[in-house]
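Some notes on the structure that comes next.
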Amino acid sequence: MEIQEIHNRIRDRFAYLSATVEGASAMGQSDIHRLSEAIVCPVLKIVLKLPALRNLNSVERDNFPGIDLGDPVAGVGIQVTARADAPKIRSTIKKCISHGLHQTYPHLRFFVLTKKQSTYRLNVKPDLSGKLRFDPRVDILDYTDVLKVLAKLPTADLSAVEEVLEADLGIRSAPSIRSSWTSTEEHGWLNLLPITFPSRLYLGEVIPEARPRSRSRHRNPRHLARKYLSDNRLTFSSDWSIYDGQVITFHDLRQRDLPLSRLVDPGTVTDFATEEYHSVDNNYRHAFKHLLRLCMQQMLYRRGVFWQHKVGLFCFGPPDDGRMKRYESWGDKKTATRLVFKRVPKRDAPEEIYHCKHFAFRATFHVLSSTWYVSIRPEWFFSYNGYHRWFHGAERVDYLKRREKNQTVFNHVKFLAHFLGGGTHPDLFRTLPTYPFLTFGPLASVAGLPQLDDNLWRSAEVGPIHATLVDPKGVIPLELEGW
C-alpha cells in the first residue's frame with residue numbers, strides 16, 4: 001500500500017537523521033545540529049499542530065537563547081538538542097526564565113535528535129518557579145514519538161512531511177559528491193572497540209527473601225538484592241544483574257563460598273551459552289548489555305574511573321594521593337601524558353575548591369555481524385567534590401564542546417582506546433589487577449573510503465587553530481585553554 005510505503009520512507013529518513021547526529025556528536029561536530037533545526041521545524045509544525053512554529057535562530061537572531069523553535073500563538077518553545085539529560089534540561093529552563101522567554105513561550109518542550117532516555121526521574125518544579133509549563137514525561141520527544149503521531153495523520157500531511165525530509169535528507173546530492181572522489185582510497189576510523197567476554201554465563205533463581213514483595217513490585221530488584229547482601233554483612237562486586245527473577249553473571253554461582261551465590265537457590269543454578277542467551281529476543285539482549293555495562297563499571301572502578309549513573313557517564317576520578325591533578329600516560333612509539341582530572345580552586349580563597357573537572361566518556365554496546373563492540377564517545381563532567389555533579393557544569397560542557405575540533409576529539413578517542421585496552425602505565429607503587437570477564441580490542445576501521453584533501457579545509461583556519469588540526473604523532477594535550 002502507498003501509505004505504508006510513505007511510512008517506511010519517513011521512518012528511514014528519521015533513522016538516518018538520528019544516526020547522523022549521533023555520529024557527528026561523537027566526532028565533536030556541532031554544525032549538524034543547526035541544520036537539523038531547519039529540518040525538524042516544518043515537521044513538528046505539522047505533527048504538533050503548531051502552524052505558527054518558526055526557527056528562532058533564523059527569524060529572530062543567531063544563537064537564540066534557551067530554545068530553537070517557537071510558536072508565539074500557541075505559546076510553545078522547543079529546544080532541539082542531541083541530548084536531553086537533567087543538566088541540559090535545567091540549564092534550558094534557567095535560560096528561558098532569565099531571558100524572559102516564559103512570557104511569550106510559557107510551554108517548554110524538547111525534541112531529541114538522537115534518542116531520549118527511557119525514563120526521566122527529575123523534579124523540575126523548583127526550577128520552573130511557576131513560570132514555565134514543562135512535564136518531562138510528555139514534553140520530551142524524539143523521532144519515535146513523531147512516528148507514532150504520523151501513523152494517525154492523513155495522507156496529505158504524510159506527503160508534506162516526506163517532502164520536507166526528502167528535500168533535506170534525500171540522496172539526490174550523492175552523485176555530485178561522488179563525482180569529486182579520487183581513485184585514491186584511505187582508511188576511516190570508527191569510535192568502536194571490539195570486545196570479548198566469556199562464552200558462558202551463569203543463571204540462578206533469586207531466593208524469596210531477596211525478591212521484591214507483592215506490594216513493592218516496582219522497586220528495583222537489584223537494589224533489593226544488594227540490600228539483602230548488606231543486611232547479611234556480605235559484600236560483592238557490581239558485575240552481576242537480575243532479569244526475569246534470575247541473577248545473571250559471569251561468576252560461577254555453583255561456588256557456594258561466593259557471596260553472590262547466597263542470592264540464588266542452589267538447585268536452580270545453570271550455565272548458559274552467552275550467545276544463546278542474548279539471542280533469545282530484544283529483552284534478553286538488553287539485559288545482557290546491562291550486564292556488560294556493569295562488568296565495565298567494575299573493571300574501571302579498579303582503575304579510578306567511576307560510573308556517574310545520573311548522567312550515564314564513566315568519569316575519571318581524583319588521584320588517590322589527594323593531588324590537584326591526575327595524569328594518565330599513554331602512547332605507542334612515544335609516551336605522552338593526558339590530564340584527566342583537575343581540582344580548580346576558588347580565586348578569592350585558593351585553599352577551597354571551586355569545582356572539579358573530569359574527562360569522561362559514554363559507552364554503548366552493539367552487536368554487528370555477530371561481533372560485539374562498544375562505542376566510546378568522549379565527554380566532560382564537572383563535580384563540586386570529585387564525585388557529585390556541579391550545578392553549573394552543563395554550561396561548561398557546552399563551552400568545551402563548541403571549542404573542540406575533529407582532531408582533538410579523535411585524540412580523545414585514541415586515548416580512551418589505549419586506556420581501555422590496558423595500555424596505560426600505572427604508577428610504580430600501584431598494581432592494576434587484570435579483569436577476567438571483559439577485554440577490548442583496537443579501534444575498528446573501514447577500508448576503501450575516498451581520500452579527502454585535508455589541507456584544503458585546514459587552510460581556511462587561522463594559525464593557532466590550524467596547528468591543532470595537524471597531529472601526526474597524536475600528542476595534542478587533552479586539556480584545552482580554560483582548564
Side-chain angles (χ1 to χ4, degrees), residues 1-25 31-60 64 67-84 89 92 105-120 133-178 281-282:
M1 297 176 62
E2 176 64 21
I3 191 170
Q4 184 61 49
E5 293 178 0
I6 296 177
H7 284 161
N8 292 340
R9 289 194 294 267
I10 292 176
R11 179 200 61 203
D12 293 343
R13 293 292 184 270
F14 266 117
Y16 171 77
L17 175 62
S18 176
T20 301
V21 171
E22 185 173 4
S25 298
D31 289 346
I32 186 66
H33 302 160
R34 181 60 55 86
L35 296 174
S36 300
E37 297 166 7
I39 297 173
V40 302
C41 182
V43 174
L44 296 181
K45 181 184 296 187
I46 298 172
V47 172
L48 301 181
K49 300 186 183 304
L50 299 173
L53 190 68
R54 54 186 182 168
N55 188 343
L56 299 177
N57 290 310
S58 298
V59 300
E60 292 287 343
F64 194 87
I67 56 177
D68 302 301
L69 314 178
D71 184 332
V73 178
V76 176
I78 302 176
Q79 165 72 240
V80 180
T81 178
R83 62 182 179 89
I89 292 172
T92 300
Y105 308 101
H107 186 186
L108 176 63
R109 309 194 77 174
F110 287 80
F111 182 78
V112 186
L113 292 167
T114 53
K115 191 174 182 180
K116 67 180 183 180
Q117 298 175 192
S118 57
T119 57
Y120 286 88
R133 179 159 62 93
F134 170 71
D135 185 346
R137 295 171 297 180
V138 297
D139 288 328
I140 302 177
L141 311 173
D142 61 14
Y143 79 91
T144 60
D145 299 302
V146 171
L147 293 177
K148 292 176 184 177
V149 177
L150 288 173
K152 303 175 183 178
L153 293 183
T155 305
D157 288 340
L158 290 175
S159 298
V161 170
E162 182 187 14
E163 183 178 352
V164 171
L165 296 176
E166 177 64 28
D168 293 293
L169 300 174
I171 61 174
R172 290 175 292 179
S173 61
S176 61
I177 295 176
R178 187 173 294 274
D281 57 31
N282 287 334

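Heads up: numbering here begins at 1 and tracks the sequence. Not measured: the values here are computed from a predicted model.
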What pairs with S159 under side-chain hydrogen bond (donor to acceptor under 3.5 Å, both in side chains), at least two apart in sequence or on another chain?
none
Sequence neighbours excluded, which residues qualify as salt bridge (charged side-chain N to carboxylate O under 4.0 Å, His left out) partners of D135?
R137
If the condition is salt bridge (charged side-chain N to carboxylate O under 4.0 Å, His left out), which residues does D139 pass it with, not counting sequence neighbours?
R109
Ignoring hydrogens, what is the shortest heavy-atom contact between [X] and [Y]? Give both atom names and the distance.
| X | Y | result |
| --- | --- | --- |
| I140 | A84 | CG2-CB, 4.2 Å |
| V73 | A52 | CG2-CB, 3.8 Å |
| I67 | G77 | CD1-CA, 3.8 Å |
| A74 | L50 | CB-CD2, 3.7 Å |
| E37 | L69 | O-CD2, 4.0 Å |
| T114 | A82 | OG1-O, 2.8 Å |

Test side-chain contact (heavy atoms from CB on, under 4.5 Å) applied to [X] - qualifying residues, sequence neighbours left out:
| X | answer |
| --- | --- |
| R133 | H107 |
| A15 | Y143 |
| N282 | none |

Could I get the full list of ring pair (Phe, Tyr, Trp, His ring centres under 6.0 Å) partners for F134, not counting sequence neighbours?
F110
To the nearest 0.5 angstrom, please state how far the [atom1] atom of [X] sits from the [atom2] atom of [Y].
| X | Y | atom1 | atom2 | result |
| --- | --- | --- | --- | --- |
| H7 | L158 | NE2 | CG | 4.0 Å |
| R54 | D68 | CZ | CG | 13.5 Å |
| E162 | R13 | CD | CZ | 7.5 Å |
| I46 | L150 | CD1 | CG | 8.5 Å |
| S36 | F111 | OG | CZ | 9.0 Å |

Under 3.5 Å, side chain of T81 to main-chain N/O of V112, donor-acceptor pair present?
no
Any sub-3.5 Å donor-acceptor pair from D71's side-chain atoms to V76's backbone N or O?
no
Give every residue pair that meets the salt bridge (charged side-chain N to carboxylate O under 4.0 Å, His left out) criterion with at least one member in residues 144-161, sequence neighbours excluded.
K116-D145
Assess whether side-chain contact (heavy atoms from CB on, under 4.5 Å) is satisfied between L53 and I78, documenting all intermediate values.
CA-CA 9 Å; L53 190 68; I78 302 176; 4.1 Å; yes
Steps toward side-chain contact (heavy atoms from CB on, under 4.5 Å) verdict (I89, Y120)
CA-CA 11 Å; I89 292 172; Y120 286 88; 4.1 Å; yes
Is V161 close to I6 at the side-chain level, that is, under 4.5 Å between some pair of heavy atoms?
no
Do V40 and V146 come close enough that some side-chain heavy atom pair is under 4.5 Å?
no
